[in-house]
Amino acid sequence: MKAIALILAALAGTASAADCGPDKLNTERTIILKREGAAYGALQHSALPLKKGEVVLTFDDGPSPENTPLVLKALSDQCAKATFFLVGQNITQNPELARREVSEGHSAGIHSDTHPNLGSLSPEQQLEDLKRSRAAYKAVFGVETPAYRFPFLAETPTMLEALKQANITVASIDMGINDWIPEDTTAILAQRLKDSLDKSGSGIILMHDANGPTAKALPTLLQVLKDKGYKVVHLEWQ
């Protein structure tokens, strides 16, 4: 029954995405990155080649059966494409939902296997976590992951070197909305997004599809982007 529900939801999302007129946020363009050990996100690395007013939508910590479908519907309703950074154990537990993200035109990378603070682990434990998350990704998608985002953005020399050697892009961020507080309301998250946009002007936005308040607020957040004239840029890898 769960698989049938996901298929029906995906078909509904595809149908709504077919109507992508000027009243929608839409996806302005796609940047296709090489599969290489590059690193992007101005908070910690080089900025992506974005114009002022261009943003990349990214979501962490899923897939979540409760919340990710709401995020996918909101994105479909606005014809906007995003990149999802998936936790390995969540991929294994929700493979159909992970595949649905990609089948609806989004891209996907990994976000560790268990979401630890990697700096608290030994080098051997860090590499084992990476190995497990890469295996989970390949088991579901049939290919190697192209990109990795560190849990808590807590980068380590061991992992940076391993990702570089594996030609996996490190994806940091340019701005976020601090969307992990259970008491957050849609109005609070919308204001944080406005503040971040006013400060940064463009860049990679970090959100969390596993977070209930974010999933509920996303239609409003996407409308904020449209109202302020921002353009969505989608990331894909060769």
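What you are looking at is a predicted structure, and each value in this text was computed from that prediction instead of being measured. Here, residue 1 is the first one in the sequence, and each next residue gets the next number.
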Evaluate side-chain hydrogen bond (donor to acceptor under 3.5 Å, both in side chains) for S107 paired with H234, printing each intermediate quantity in order.
-> CA-CA 8 Å; S107 51; H234 185 217; 3.3 Å; yes
Once rounded to the nearest 0.5 Å, what's the spacing between atom [atom1] of [X] and atom [atom2] of [Y]?
X: L70; Y: L218; atom1: CG; atom2: CG; result: 9.5 Å
X: S112; Y: Y148; atom1: OG; atom2: OH; result: 5.0 Å
X: L25; Y: D77; atom1: CG; atom2: CG; result: 11.5 Å
X: N94; Y: S64; atom1: CG; atom2: OG; result: 7.5 Å
X: S172; Y: R149; atom1: OG; atom2: CZ; result: 7.0 Å
X: S120; Y: Q126; atom1: OG; atom2: CD; result: 8.0 Å

In this structure, would [X] and [Y] fall into the same cluster of hydrophobic residues linked by side-chain contacts under 4.5 Å?
X: V140; Y: L72; value: yes
X: I177; Y: Y230; value: yes
X: V102; Y: I110; value: yes
X: I168; Y: I91; value: yes
X: I205; Y: V56; value: no

Are [X] and [Y] side-chain neighbours, meaning at least one heavy-atom pair lies under 4.5 Å?
X: L97; Y: T68; answer: yes
X: K138; Y: R134; answer: no
X: L33; Y: E236; answer: no
X: L222; Y: L75; answer: yes
X: V232; Y: R29; answer: no
X: I31; Y: L50; answer: yes
X: L225; Y: V55; answer: yes
X: L197; Y: M175; answer: yes

Problem - Parallel, tilted or perpendicular: rings of F59 and F84 (30°, 60°) - result: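 Ring orientation, 0 to 90° scale: parallel.
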With the threshold set at 4.0 Å, does a side-chain nitrogen-carboxylate oxygen contact exist between [X] and [Y]?
X: E54; Y: K231; result: no
X: R100; Y: E96; result: no
X: K228; Y: D198; result: yes

Between [X] and [Y] (side chain of the first, backbone of the second, donor and acceptor by atom type, cut-off under 3.5 Å), is there such a pair?
X: Q44; Y: L153; result: yes
X: D129; Y: D113; result: yes
X: D179; Y: M207; result: no
X: H111; Y: L86; result: no
X: T158; Y: L127; result: no
X: T214; Y: A210; result: no
X: Y137; Y: V87; result: no
X: T145; Y: A147; result: yes
X: R35; Y: Q238; result: yes
X: T27; Y: C79; result: yes

_Tell me whether the count of non-hydrogen atoms from other residues, nucleotides or ligands lying under 6.0 Å of NZ in K226 goes above 12._
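Yes, because the 6.0 Å sphere around NZ of K226 holds more than 12 heavy atoms from other groups.
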### Message
For a side-chain hydrogen bond (donor to acceptor under 3.5 Å, both in side chains) check, start with the C-alpha distance between Q165 and E161, then their side-chain angles and the critical distance, and finish with the verdict.
### Response
CA-CA 6 Å; Q165 292 299 319; E161 180 60 26; 2.8 Å; yes
Non-hydrogen atoms of [X] and [Y] that approach each other most closely:
X: P182; Y: P213; value: O-CG, 3.8 Å
X: K24; Y: N26; value: O-ND2, 3.1 Å
X: P116; Y: L121; value: CG-CD1, 3.9 Å
X: A108; Y: P146; value: O-CD, 3.6 Å
X: N117; Y: A154; value: OD1-CB, 3.7 Å
X: A190; Y: V224; value: CB-CG2, 4.2 Å

Short side-chain donor-acceptor distance under 3.5 Å, D174 and S200:
no
Should L130 and M159 be marked as a side chain to side chain contact (heavy atoms under 4.5 Å, CB included) after you check the CA-CA gap, both sets of side-chain angles, and the distance that decides it? CA-CA 8 Å; L130 176 60; M159 287 288 290; 4.0 Å; yes
query = When you look at E104 and K81, which way does the salt bridge (Lys or Arg N to Asp or Glu O under 4.0 Å) test go after all the steps?
reply = CA-CA 9 Å; E104 292 190 13; K81 302 303 182 188; over 6 Å; no
Partner of D195 under side chain to side chain donor-acceptor pair (under 3.5 Å), picked from K199, Q191, R192, is Q191
### Task
Take F152 and F150 through the test ring-ring contact (aromatic ring centres under 6.0 Å, His included) and record every step on the way to the result.
CA-CA 6 Å; F152 311 105; F150 281 83; over 10 Å; no
Practice item. With side chain to side chain contact (heavy atoms under 4.5 Å, CB included) as the test, would you mind laying out the steps for N211 and D61 before giving the verdict? Key: CA-CA 8 Å; N211 186 46; D61 294 358; over 6 Å; no
For this session: Could you walk me through whether T58 and F85 pass the side chain to side chain contact (heavy atoms under 4.5 Å, CB included) test, one step at a time?
Result: CA-CA 7 Å; T58 69; F85 291 94; 4.0 Å; yes
- What do you reckon, are the aromatic ring centroids of Y40 and H45 less than 6.0 Å apart? no
